[in-house]
K.L.:
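Quick one: the structure is below, and I'll ask about it shortly.
Computed from a prediction, not measured in an experiment: that's the story for all the values here. Sequence positions, counted from 1, serve as the residue numbers for this chain.
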Amino acid sequence: MSSAIVRAEAYLVDLEVETVRTDAVQAFLKQETIFVSLSTSDGLTGLGYSYTIGTGGTAVLALLRDHLLPRLVGADARNVEAIWSDLFWSTHATTVGAITSLALAAVDTALWDLRCLRAGEPLWRLAGGYRQQVPLYDTEGGWLHLSTDELVAGALASQKAGWPGVKLKVGKPRVHEDLERLRAVRDAVGPGLDIMVDANQSMTYPEARRRAAAFEAVDLSWFEEPLPADDLTGHVHLAASTSIPIAVGESLYSVSQFREYVAAGGAGIVQVDVARVGGITPWLKVAHLAETFNLEVCPHFLMELHVSLTAAVPNGRYVEHIPQLRAITRSEMPVVDGHAVAPDVPGLGIDWNADAIDDRRVA
């Protein structure tokens, strides 16, 4: 039976953040959510999405409406690789870049939703099927504006709930401020809880090296985005100078950028973001690339989608807990014994609330 795309639609939905979120360089004020809906001649409709954290959503929407969606009508939705490649090369003048990758991701996730619906399989199985549950770590209790007492309380609550890890933001003006906060949390939770830190690209190489040396005594699981993402050389030197694994990836927008980082030794933890890398198709390529280098994947944000992808691959280590879709979904991602559970229904497995989405559409 034919599976030609007969309708392609894109729209923008604004979601306010569920809690105050701050790091060393920015505040997360709202999530601009870009949706793509694709209907096919065999009667299926797939819904995909990507996001920004407050700016650029209308630019992604314009690229989709003006250039990408018209190319989709008539294409066979089963040919996911062919469609991704066609859209990529048709916008080659703007690749590799954030706007184009976010637009490609909205289309690609819709195509994978269709693929899973057609097969009657959940995403975690069709994308690889390694296991259904993945360890979960909490970021919501670690934002930079929170006091030391609040950080400790959040970490203890996560530990009591059985979660194996927490992530704390770093990048205070002076190293002793960061260190005091980290030590307080480590002293409170003991050695059995993973603690990760995230600098959000806020440091120079000399400062990141100095802080990494100070942080080593706290026994951290990784040091995330210490330097600007385009400073490959700095990350390589930093990784060689510390025993703390260096985590990068949320601000890389193509498979080739990950290849350069991994091959050069600049990434100890791979944090590929399905929206920012251009969709599920390239996400899986990055995950398999990381596996060939014996590296683990711990994707950034989008837990409702990343739970299935992380479960699909053998080197998926962690899902990051930052709930942001509860206003437009009917149910939440299940958590059992500190593990996120990938949905077992056909498709992406996100239980969208169509009425709530319509109420929040941006005109």
K.L.:
How would you list, by chain and number, every residue that makes a side-chain contact (heavy atoms from CB on, under 4.5 Å) with Pro228, sequence neighbours excluded?
P.N.:
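side-chain contact (heavy atoms from CB on, under 4.5 Å) list for Pro228, sorted by chain: Gln201, Asp230.
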K.L.:
Taking Arg174's backbone N and O only, do any of them form a donor-acceptor pair with His176's side chain (distance below 3.5 Å, no angle check)?
P.N.:
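No, the answer is negative, given that no donor and acceptor are paired below the 3.5 Å cut-off.
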K.L.:
Only counting residues at least two apart or in another chain, list the ones meeting salt bridge (Lys or Arg N to Asp or Glu O under 4.0 Å) with Glu180.
P.N.:
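Glu180 satisfies salt bridge (Lys or Arg N to Asp or Glu O under 4.0 Å) with no residue once adjacent residues are dropped.
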K.L.:
At what distance, to the nearest 0.5 angstrom, does OG of Ser331 lie from CG of Leu325?
P.N.:
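Spacing of OG (Ser331) from CG (Leu325) equals 11.0 Å.
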K.L.:
Could you tell me which residues satisfy side-chain contact (heavy atoms from CB on, under 4.5 Å) with Ala213, sequence neighbours excluded, listed by chain and number?
P.N.:
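side-chain contact (heavy atoms from CB on, under 4.5 Å) list for Ala213, sorted by chain: empty.
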K.L.:
How would you list, by chain and number, every residue that makes a side-chain contact (heavy atoms from CB on, under 4.5 Å) with Thr100, sequence neighbours excluded?
P.N.:
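With sequence neighbours excluded, Thr100 shows a side-chain contact (heavy atoms from CB on, under 4.5 Å) to Leu63, Thr91, Thr94, Thr95, Leu104, given in chain and number order.
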K.L.:
For residues 120-127, please give each side-chain donor-acceptor pair under 3.5 Å, one per line with the distance, not counting sequence neighbours.
P.N.:
{"from": "Glu121", "atom 1": "OE1", "to": "Arg125", "atom 2": "NH1", "distance (Å)": "3.3"}
{"from": "Trp124", "atom 1": "NE1", "to": "Asp344", "atom 2": "OD1", "distance (Å)": "3.2"}

K.L.:
Check whether any side-chain N or O of Thr109 sits under 3.5 Å from a backbone N or O of Ala105 as a donor-acceptor pair, and report yes or no.
P.N.:
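Between the backbone of Ala105 and the side chain of Thr109 there is a qualifying donor-acceptor contact (under 3.5 Å).
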K.L.:
Measure the CZ-OG1 distance between Arg210 and Thr242 for me, rounded to the nearest 0.5 Å.
P.N.:
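If I round to the nearest 0.5 Å, the distance is 14.5 Å.
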K.L.:
Answer yes or no: is there a side-chain heavy-atom contact under 4.5 Å between Asp76 and Ser2?
P.N.:
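No, too far: nothing below the 4.5 Å cut-off.
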K.L.:
Ignoring hydrogens and angles, state whether a donor on the side chain of Asp108 or Thr281 is under 3.5 Å from an acceptor on the partner side chain.
P.N.:
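Present: a donor and an acceptor within the cut-off.
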K.L.:
I'd like to check Ile195 versus Asp219 (side-chain heavy atoms, cut-off strictly below 4.5 Å). Are they in contact?
P.N.:
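No, their side chains stay 4.5 Å or more apart.
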K.L.:
Hey, are Thr40 and Arg78 close enough side-chain-wise for a donor-acceptor pair under 3.5 Å?
P.N.:
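Result is no, nothing qualifies.
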K.L.:
I'd like to know if the side chain of His306 reaches the main chain of Phe301, judged simply by a donor and an acceptor atom lying under 3.5 Å from each other, with no hydrogens or angles considered.
P.N.:
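Yes, the answer is positive, given that a donor and an acceptor are paired below the 3.5 Å cut-off.
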K.L.:
Kindly say whether Ser243 contributes a backbone atom to a donor-acceptor pair with the side chain of Glu216 at under 3.5 angstrom?
P.N.:
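Checking the backbone N and O of Ser243 against the side chain of Glu216, a donor-acceptor pair under 3.5 Å is found.
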K.L.:
Which residues pass the ring pair (Phe, Tyr, Trp, His ring centres under 6.0 Å) test with Phe35, sequence neighbours left out?
P.N.:
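Tyr11, Trp352.
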K.L.:
Would a distance-only check, ignoring hydrogens and angles, find a side-chain to backbone donor-acceptor pair under 3.5 Å from Asp231 to Gly234?
P.N.:
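Confirmed, Asp231 side chain pairs with Gly234 backbone.
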K.L.:
Kindly determine whether Leu68 and Ser90 satisfy side chain to side chain contact (heavy atoms under 4.5 Å, CB included), including the steps that lead there.
P.N.:
CA-CA 8 Å; Leu68 300 184; Ser90 74; 4.2 Å; yes
K.L.:
Could you tell me whether the side chain of Asp113 and the main chain of Leu47 form a donor-acceptor pair under 3.5 Å?
P.N.:
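Checked: pair present.
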K.L.:
So does Arg317 pair up with Glu296, basic N to acidic O under 4.0 Å?
P.N.:
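A salt bridge links Arg317 with Glu296.
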K.L.:
Salt bridge check, Glu9 against Arg7: does any charged N sit closer than 4.0 Å to a carboxylate O?
P.N.:
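So Arg7 pairs with Glu9 through a salt bridge.
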K.L.:
Flag the pair Asp14 and Arg360 as a salt bridge only when some basic side-chain nitrogen lies within less than 4.0 angstrom of an acidic carboxylate oxygen.
P.N.:
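Result for this pair is no, no salt bridge flagged.
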K.L.:
Not counting sequence neighbours, which residues clear salt bridge (Lys or Arg N to Asp or Glu O under 4.0 Å) with Glu225? List them please.
P.N.:
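Scan of Glu225 (salt bridge (Lys or Arg N to Asp or Glu O under 4.0 Å), adjacent residues dropped) gives none.
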K.L.:
According to side-chain contact (heavy atoms from CB on, under 4.5 Å), who are the partners of Arg183, at least two apart in sequence or on a separate chain?
P.N.:
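Arg183 satisfies side-chain contact (heavy atoms from CB on, under 4.5 Å) with Leu179, Val218 once adjacent residues are dropped.
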K.L.:
Within the 4.5 Å heavy-atom criterion, are Pro323 and Met303 side-chain neighbours or not?
P.N.:
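Yes; the side chains approach each other to less than 4.5 Å.
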K.L.:
Under 3.5 Å, is there a donor-acceptor pair between the side chain of Ser50 and the main chain of Ala103?
P.N.:
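Flag not set: sc Ser50 to bb Ala103 has no pair under 3.5 Å.
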K.L.:
Quick one: do Val36 and Leu64 satisfy side chain to side chain contact (heavy atoms under 4.5 Å, CB included)? Show the steps, please.
P.N.:
CA-CA 9 Å; Val36 165; Leu64 283 161; 3.9 Å; yes
K.L.:
Is there a side-chain contact between Leu302 and Tyr51, using heavy atoms and a 4.5 Å cut-off?
P.N.:
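Answer yes - side chains close enough.
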K.L.:
Would a distance-only check, ignoring hydrogens and angles, find a side-chain to backbone donor-acceptor pair under 3.5 Å from Gln257 to Tyr253?
P.N.:
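Judged by distance alone, yes, a pair lies under 3.5 Å.
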K.L.:
Roughly how far, to the nearest 0.5 Å, is CD1 of Ile280 from CG of Leu111?
P.N.:
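So the gap between those two atoms works out to 9.5 Å.
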K.L.:
Judged by modelled atom types alone, do Ser202 and Asn200 share a side-chain donor-acceptor pair under 3.5 Å?
P.N.:
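Side-chain D/A pair, Ser202 to Asn200: absent.
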K.L.:
List the steps, then state whether side chain to side chain contact (heavy atoms under 4.5 Å, CB included) holds for Leu252 with Val277.
P.N.:
CA-CA 7 Å; Leu252 301 181; Val277 80; over 6 Å; no
K.L.:
Do Ser3 and Arg118 meet the criterion of a side-chain donor-acceptor pair at a distance under 3.5 Å?
P.N.:
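Arg118 and Ser3 do have a side-chain donor-acceptor pair below 3.5 Å.
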K.L.:
With a 3.5 Å distance limit and no angle check, can you tell me whether Arg186 reaches the backbone of Leu193 through a side-chain donor-acceptor pair?
P.N.:
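Yes, the answer is positive, given that a donor and an acceptor are paired below the 3.5 Å cut-off.
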K.L.:
With the side chain counted from C-beta on, respond yes when Leu289 and Phe258 share a heavy-atom pair under 4.5 Å apart, and no when they do not.
P.N.:
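Heavy-atom side-chain distance check passes, below 4.5 Å.
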K.L.:
Mind checking what makes ring pair (Phe, Tyr, Trp, His ring centres under 6.0 Å) contact with Trp143, not counting sequence neighbours?
P.N.:
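Partners of Trp143 by the ring pair (Phe, Tyr, Trp, His ring centres under 6.0 Å) criterion come out as none, since no residue qualifies.
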K.L.:
Do the non-hydrogen side-chain atoms of Ile269 and Ile246 ever get within less than 4.5 Å of each other?
P.N.:
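Heavy-atom side-chain distance check fails, nothing below 4.5 Å.
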K.L.:
What do the steps show when you test Asp178 against Lys172 for salt bridge (Lys or Arg N to Asp or Glu O under 4.0 Å), and what is the final call?
P.N.:
CA-CA 6 Å; Asp178 279 340; Lys172 289 289 188 180; over 6 Å; no
K.L.:
Report yes if the side chains of Trp112 and Leu284 come closer than 4.5 Å at any heavy-atom pair, otherwise no.
P.N.:
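A side-chain contact exists here, since the closest heavy-atom pair is under 4.5 Å.
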K.L.:
Any chance you could measure Met333, atom CE, to Leu305, atom CG, to the nearest 0.5 Å?
P.N.:
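CG of Leu305 is found 11.5 Å from CE of Met333.
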K.L.:
Identify every side-chain donor-acceptor pair in residues 154-167 under 3.5 Å, counting partners at least two apart or on other chains, and give the distances.
P.N.:
{"from": "Ser158", "atom 1": "OG", "to": "Gly154", "atom 2": "O", "distance (Å)": "3.2"}
{"from": "Gln159", "atom 1": "NE2", "to": "Val189", "atom 2": "O", "distance (Å)": "2.8"}
{"from": "Lys167", "atom 1": "NZ", "to": "Tyr137", "atom 2": "OH", "distance (Å)": "3.2"}
{"from": "Lys167", "atom 1": "NZ", "to": "Glu224", "atom 2": "OE1", "distance (Å)": "2.8"}
{"from": "Lys167", "atom 1": "NZ", "to": "Glu224", "atom 2": "OE2", "distance (Å)": "3.1"}
{"from": "Lys167", "atom 1": "NZ", "to": "Glu320", "atom 2": "OE2", "distance (Å)": "3.0"}

K.L.:
Go through the structure and list residues passing ring pair (Phe, Tyr, Trp, His ring centres under 6.0 Å) with Tyr205, not counting sequence neighbours.
P.N.:
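Scan of Tyr205 (ring pair (Phe, Tyr, Trp, His ring centres under 6.0 Å), adjacent residues dropped) gives none.
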K.L.:
When rounded to the nearest 0.5 angstrom, what distance separates CG in Leu220 from CG in Leu168?
P.N.:
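One finds 8.5 Å between CG of Leu220 and CG of Leu168.
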K.L.:
Give me each pair satisfying side chain to side chain donor-acceptor pair (under 3.5 Å) with a member in residues 64-74, each pair once, sequence neighbours excluded.
P.N.:
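Qualifying pairs: Arg71-Asp86.
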K.L.:
If we only count heavy atoms from C-beta on, is the Val107 to Leu87 side-chain gap below 4.5 Å?
P.N.:
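Yes; the side chains approach each other to less than 4.5 Å.
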K.L.:
Taking atom types as modelled, find out whether Asn315 and Tyr130 have a side-chain donor-acceptor pair closer than 3.5 angstrom.
P.N.:
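Checked: Asn315/Tyr130 side chains show no N/O donor-acceptor pair below 3.5 Å.
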K.L.:
Report the C-alpha separation of Glu32 and Ile53 in whole Å, then their side-chain angles, then the decisive distance to 0.1 Å, and conclude whether the side chain to side chain contact (heavy atoms under 4.5 Å, CB included) test is met.
P.N.:
CA-CA 6 Å; Glu32 295 181 304; Ile53 61 169; over 6 Å; no
K.L.:
Would you say the side-chain atoms of Gln132 pair up with the backbone N or O of Ala342, donor to acceptor, closer than 3.5 Å?
P.N.:
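Answer holds: yes.
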K.L.:
Salt-bridge test for Glu207 and Arg211: reply yes if a basic N is under 4.0 Å from a carboxylate O, no otherwise.
P.N.:
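The answer is yes: the pair qualifies as a salt bridge.
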K.L.:
side-chain hydrogen bond (donor to acceptor under 3.5 Å, both in side chains) with Gln324: which of Arg21, Lys30, Glu16?
P.N.:
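In the set Arg21, Lys30, Glu16, the residue that makes a side-chain hydrogen bond (donor to acceptor under 3.5 Å, both in side chains) with Gln324 is Arg21.
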